[in-house]
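Quick note on labels: first sequence line is chain A, next is B, and so on, each numbered from 1.
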2 protein chains.
Amino acid sequence: MNSRRASPQPAGKSPAASPSPWRARRRDREVKREAVIRAAAHAFNRKGYHNTSLNDIAAALEVTKPTVYYYVTNKEHLLFQCFLAGIEPIRAAFREVKDLGLPARARLNAVLRHYGEAVASEFGWCMVRAEDQDLSPAMSRHIKALKSEIDQGIRRLIREGVQDGSIEPCDPKMTAFALAGALNWIAHWYRVDQSLTPAEIAAAFVAIFEGGLRPRSAAQVALRAPLKRRVRIAR
Amino acid sequence: MNSRRASPQPAGKSPAASPSPWRARRRDREVKREAVIRAAAHAFNRKGYHNTSLNDIAAALEVTKPTVYYYVTNKEHLLFQCFLAGIEPIRAAFREVKDLGLPARARLNAVLRHYGEAVASEFGWCMVRAEDQDLSPAMSRHIKALKSEIDQGIRRLIREGVQDGSIEPCDPKMTAFALAGALNWIAHWYRVDQSLTPAEIAAAFVAIFEGGLRPRSAAQVALRAPLKRRVRIAR
DNA sequence: GCTCGATCATACTCATGAGTAGATATTCTA
DNA sequence: TAGAATATCTACTCATGAGTATGATCGAGC
């Protein structure tokens, strides 16, 4: 669509040389573009996608609608950008944790903590709530693929955990749904209840997932080798 | 608005006598009204609230828009009716379980099972996704109150469980958020993945909540005695 | 000072969808 | 069978919001 920027080398200049006057301009433009995306995320967060008009977003930035369209191609792309901003930290968490040599449950917990924080972030709503229903088929496929990547990553960690004995045997699919669901839901209530930080919430949730509701007695935990958490009955 | 039904006694007839020919008529009307609500729930389910027009709903019923308006006052009320239909079984579950003399965890599990089934039901989407953002302030308050009632009910069961020793000590608020969130999220994926029945899913989730991810050895499960003081040393 | 491209505003178009006014058809009762 | 409810349709109004055509402005380089 927008092809103005298609040829960044004005032909005839030395290619690799000087970042040239554009660099600054570009950065400037990029900064504004990001401001638009942040403003959109904020508005979507508060009022929902459908109840937010591009006029609203423009007004929040103290510009007019065509200005917004100067930076993004349309509303759907705007949502998509918010989605990407929200999901990227989660993908990063998977990469980060990959080669740490930890047992799978520890890796899973680390990922879930990042996941929870991402959902409670500015872009959490957009990430969690970008629905097929609101999107063109192409965009829907794209988003679904990214979501699925996360889902599969969680399932894989669960499977690995069951194999290395750090996770109680369970159905990886259902368990992944339960974990992700609980965390996703944070986006629905965090807005109104900010008594905890995202990190605290994520940590609390991970603790709940780990232990489960059923009370556990002290003795047994010890006999699982590599674990450090202890429980004691104080009579 | 619609005041045709305002004076059911045509003045001059004996008031308390004969249920009169109206009864049948009324039932008929009620049947159609429910059909409208079901059709709406179905459409909301598939395409979301904002992407469903009343024309769509009318078309699904093979009538026209004004006919739909003959049975419901507006789109928002329609969503509200769907919400009520979805949430009622959950409220019923609380009542049902109340005087059963079970330990709190068993009562909680029963409620959660019903909860999960409700979310996976036809009206699950509407119940879970009826957002303040889409509703008038009055309606929003009403829905929030009903949702809060459920939330408080779950928290109460958790607290009772911690007291009677059937539930591991935990923060009731966070735990309730985690449980409800995981179950609510079913509404997002059940549509596309129907490999399990709602009851099976609910049961699987409850099992996950109970046990947690941390492996537990076989022996210990048996020794859950009535009441003991337990202290957990975390980290 | 002039030109050119980047940026932004004014003032539209156009489609969609909620909700309604005012017929018309149907059915039940007297 | 007249007439009164009841039920449904045709044909609108009206507001909103996405997206655009077009022109003004501003700053950098010559």
Could a donor-acceptor pair under 3.5 angstrom be found where the side chain of A/K65 meets the base of D/dA18?
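Such a pair is found, so the answer is yes.
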Looking at D/dG17, does its base get a donor-acceptor pair with the side chain of A/K75 below 3.5 Å?
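Absent.
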For a quick check of understanding: with a heavy-atom distance under 4.0 Å over all strands, which category does B/T64 fall into, base, sugar-phosphate or nothing?
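Answer is base: heavy atoms of B/T64 come under 4.0 Å of a base.
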Thinking salt bridges, do B/R105 and B/E210 make one under a 4.0 Å N-O criterion?
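Salt bridge between B/R105 and B/E210, a charged N being under 4.0 Å from a carboxylate O: yes.
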Which one, C/dC8, D/dG17, D/dA11, comes nearest to the side chain of B/P66?
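Among C/dC8, D/dG17, D/dA11, the one nearest the side chain of B/P66 is D/dA11.
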Taking the minimum atom-to-atom distance to the side chain of B/L54, which one of D/dC9, C/dT7, C/dA18 wins?
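Nearest listed nucleotide: C/dA18.
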Six-ring centre of [Y], [X] cation under 6.0 angstrom, axis tolerance 45°:
{"X": "B/R29", "Y": "B/Y70", "result": "yes"}
{"X": "B/R155", "Y": "B/F177", "result": "yes"}
{"X": "A/R113", "Y": "A/F205", "result": "no"}
{"X": "B/K75", "Y": "B/Y49", "result": "yes"}

[X] [atom1] to [N] [atom2], straight-line distance once rounded to whole Å:
{"X": "B/E62", "N": "D/dT8", "atom1": "CD", "atom2": "P", "value": "13 Å"}
{"X": "A/E76", "N": "D/dA18", "atom1": "CD", "atom2": "P", "value": "13 Å"}
{"X": "A/E30", "N": "C/dT7", "atom1": "CD", "atom2": "P", "value": "12 Å"}
{"X": "B/H77", "N": "C/dA18", "atom1": "NE2", "atom2": "C1'", "value": "15 Å"}
{"X": "A/N55", "N": "D/dA15", "atom1": "CG", "atom2": "P", "value": "17 Å"}
{"X": "A/H50", "N": "C/dT16", "atom1": "NE2", "atom2": "C1'", "value": "13 Å"}
{"X": "A/N51", "N": "D/dA18", "atom1": "CG", "atom2": "C1'", "value": "15 Å"}
{"X": "B/L78", "N": "C/dA18", "atom1": "CG", "atom2": "P", "value": "10 Å"}

Can you tell me if the side-chain N/O atoms of [X] get under 4.0 Å from OP1 or OP2 in [N]?
{"X": "B/Y70", "N": "D/dT8", "result": "no"}
{"X": "B/Y71", "N": "D/dT8", "result": "yes"}
{"X": "A/R29", "N": "C/dA6", "result": "no"}

